[in-house]
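Working notes, beginning with the structure itself.
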2 protein chains.
Amino acid sequence: MKVSKEKVAQNREALVQAAARLFRERGIDGVGVAEISKQAGLTHGALYAQFPSKEALAAEALADGVARANGWMTARLEGREPTLTDHLDAYLSSQHRDDLGGGCAMAASASEVARQPRDVSVAFTNGFSQLVGIIERTLAKSGSAAERRQRSLAITAAMIGGVAAARASAKASPALSDDILVAMRRLLDEVGAEAKPRAKRARVTRR
Amino acid sequence: MKVSKEKVAQNREALVQAAARLFRERGIDGVGVAEISKQAGLTHGALYAQFPSKEALAAEALADGVARANGWMTARLEGREPTLTDHLDAYLSSQHRDDLGGGCAMAASASEVARQPRDVSVAFTNGFSQLVGIIERTLAKSGSAAERRQRSLAITAAMIGGVAAARASAKASPALSDDILVAMRRLLDEVGAEAKPRAKRARVTRR
DNA sequence: TGTACATCAGTGAACGCGCGTTCACTGATGTAC
DNA sequence: TGTACATCAGTGAACGCGCGTTCACTGATGTAC
């Protein structure tokens with residue numbers, strides 16, 4: 001039966017949300033359209049009324065998942081200006097590592113995206129650039145803009161790599177997994193502090 | 001028919017090699033046992049004479065792929081002692097990024113391994129620890145052993161993240177992808193130089 | 001060394017299953033008059 | 001405002017297909033005598 005415009009929008013949103021979470025948890029190839037539709041309270045036919053293919057849904061789900069994670073990074077500390085350390089503590093936390101379904105879509109899917117079609121890569125790239133901007137805003141305004149961007153690019157990719165490596169080693173060695181998170185937090189903290197003009201780099205004592 | 005011991009070992013090796021390459025190129029869920037067997041010059045039944053399941057083959061293929069990549073990192077410069085810069089230039093190169101099938105299995109599969117069973121995670125962890133050791137050997141002997149290990153852990157995860165992020169963005173924005181590699185190479189180079197005792201950190205001019 | 005035979009890697013047909021996608025149909029919505 | 005009807009999101013059966021795995025069988029290898 002036909003359905004109100006409002007309901008249509010709700011259903012589409014439910015499909016995207018369900019897909020985003022399931023793709024993060026089990027990978028794009030690891031979940032079927034039947035399960036996504038079911039979790040959104042619909043049948044698979046409804047999915048094809050909204051999206052031309054599973055791949056199109058994947059692109060939209062990744063875009064949504066990435067925007068949501070980035071929004072959380074910035075909204076979390078409303079009021080005060082977030083520092084790089086704030087972002088590192090949140091992103092490179094064991095909570096984030098252990099929350100595959102609820103966490104950043106880039107960390108959950110980085111190596112998979114390389115094998116997906118262009119539009120999925122576009123969604124990744126947009127989210128990545130956005131996170132680079134968030135990191136860049138926390139760096140002191142020393143050096144040229146190009147240097148700051150370059151540094152932010154590397155820090156962002158390192159954050160993603162830190163979470164991905166911590167997750168990949170978690171089942172085999174929880175201790176190594178924790179160590180990776182701690183080591184990456186400390187390294188990037190130093191790197192960020194370094195960007196500050198002439199400030200004597202403090203010995204980082206964070207656990 | 002029965003087959004000589006030598007031939008059995010050859011066939012097993014061919015299966016592992018074919019699986020390792022295909023898994024890197026298309027993901028574990030993206031390739032079937034039929035194609036792996038065919039590429040090894042066998043039928044899928046032969047695969048099950050050697051391995052109890054596709055998953056067991058995946059674990060062995062990852063272990064092999066990781067060991068091979070690490071071997072290449074060290075063997076490449078036989079004779080002289082490799083520096084951190086040598087490793088960074090090789091690992092964070094556009095050639096490595098563009099050679100999904102032939103490159104490092106950890107960069108190709110990092111985010112996928114998180115969803116695989118324990119034995120796959122074990123293979124990742126072994127390879128990761130090995131690469132950490134390779135990196136650690138290039139760092140100056142300043143600071144405590146624990147500090148050097150921590151730094152190597154972070155550098156290794158960052159290298160993997162750099163290649164994974166560069167690959168994920170390559171289809172959408174080749175320029176961004178290149179920038180990520182350059183930025184990560186420069187950042188980690190600085191980080192490595194820093195570890196040297198009291199040496200004034202040189203401005204890094206590598207392209 | 002020569003012969004008889006047990007072993008077992010490899011073959012290829014077959015298994016049930018879930019995949020992504022299509023399609024005839026339904027019926028409440030939203031529009032035209 | 002009330003009525004007639006076109007629209008189209010959603011349903012659920014059906015499609016062909018390739019998946020991972022099993023199994024009866026083959027026949028050269030390697031062993032026991």
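Chain letters run A, B, ... following the sequence lines, proteins first, then strands; residues in each count from 1.
Mapping Val31(B) and Glu6(B) onto DNA chain D by nearest heavy atom places Val31(B) at the nucleotide closer to the 5' end. Comparing Gly45(B) and Lys5(B) by the nucleotide of DNA chain D whose heavy atom lies nearest to each, the residue mapping closer to the 5' end is Gly45(B). Of the two residues contacting DNA chain C, namely Val8(B) and His44(B), the nearest-nucleotide position lying further toward the 5' end is that of Val8(B).
Heavy-atom minimum distance, Ile134(A) versus Asn70(A): CD1-O, 3.8 Å. What you find for Ala58(A) and Ile28(A) is that their closest heavy atoms are CB-CD1, 4.1 Å.
Figure legend. dA32(D) is base-paired to dT3(C); pairs are counted as Watson-Crick or G-U wobble with both atom distances under 3.5 Å. Across all strands shown, dC19(D) forms a Watson-Crick or G-U wobble pair, both distances under 3.5 Å, with dG16(C). If you check dA24(D) for Watson-Crick or wobble pairing at under 3.5 angstrom, you find it paired to dT11(C).
Taking atom CG of Asp29(B) as the reference point, atom P of dG20(D) lies 9 Å away to the nearest angstrom. Atom OH of Tyr48(A) and atom C1' of dG12(D) are 15 Å apart (whole Å). The CG atom of Leu15(B) sits 11 Å away from the C1' atom of dG10(C) (whole-angstrom rounding). Between the NZ atom of Lys2(A) and the P atom of dT11(D) there is a distance of 16 Å, rounded to whole Å. The nearest whole Å value for the distance from the CG atom in Leu47(A) to the P atom in dG20(C) is 9 Å. Atom P of nucleotide dG20(C) and atom CG of Leu57(A) are separated by 11 Å, given to the nearest angstrom. dC8(C) atom C1' lies 17 Å from atom NZ of Lys7(B), rounded to whole Å. Between Leu42(A) atom CG and dT21(C) atom P there is a gap of 17 Å when expressed in whole angstrom units.
Using a 4.0 Å heavy-atom distance criterion, Gly32(A) is classed as a sugar-phosphate-only contact. Residue contacts for Val33(A): at a heavy-atom cut-off of 4.0 Å it reaches a base atom on one of the strands shown.
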Task: Check against side-chain hydrogen bond (donor to acceptor under 3.5 Å, both in side chains), Glu13(A) and Gln17(A) - done: CA-CA 6 Å; Glu13(A) 181 65 11; Gln17(A) 293 301 326; 2.8 Å; yes
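OP1 or OP2 of dG20(C) lies within a sub-4.0 Å distance of a side-chain N or O belonging to Lys54(A). At the phosphate of dC8(D), neither OP1 nor OP2 sits under 4.0 Å from any side-chain N or O atom of Gln50(A).
Out of dA9(C), dA9(D), dG12(D), the shortest distance to the side chain of Asn11(B) is found at dA9(C).
Taken from OG1 in Thr125(A) to CZ in Arg118(A), the straight-line distance is 8.5 Å, to the nearest 0.5 Å.
Ion pairing of Glu35(A) with Arg26(A) is present here, as a side-chain N (NZ or NE/NH1/NH2) and a carboxylate O approach within less than 4.0 Å.
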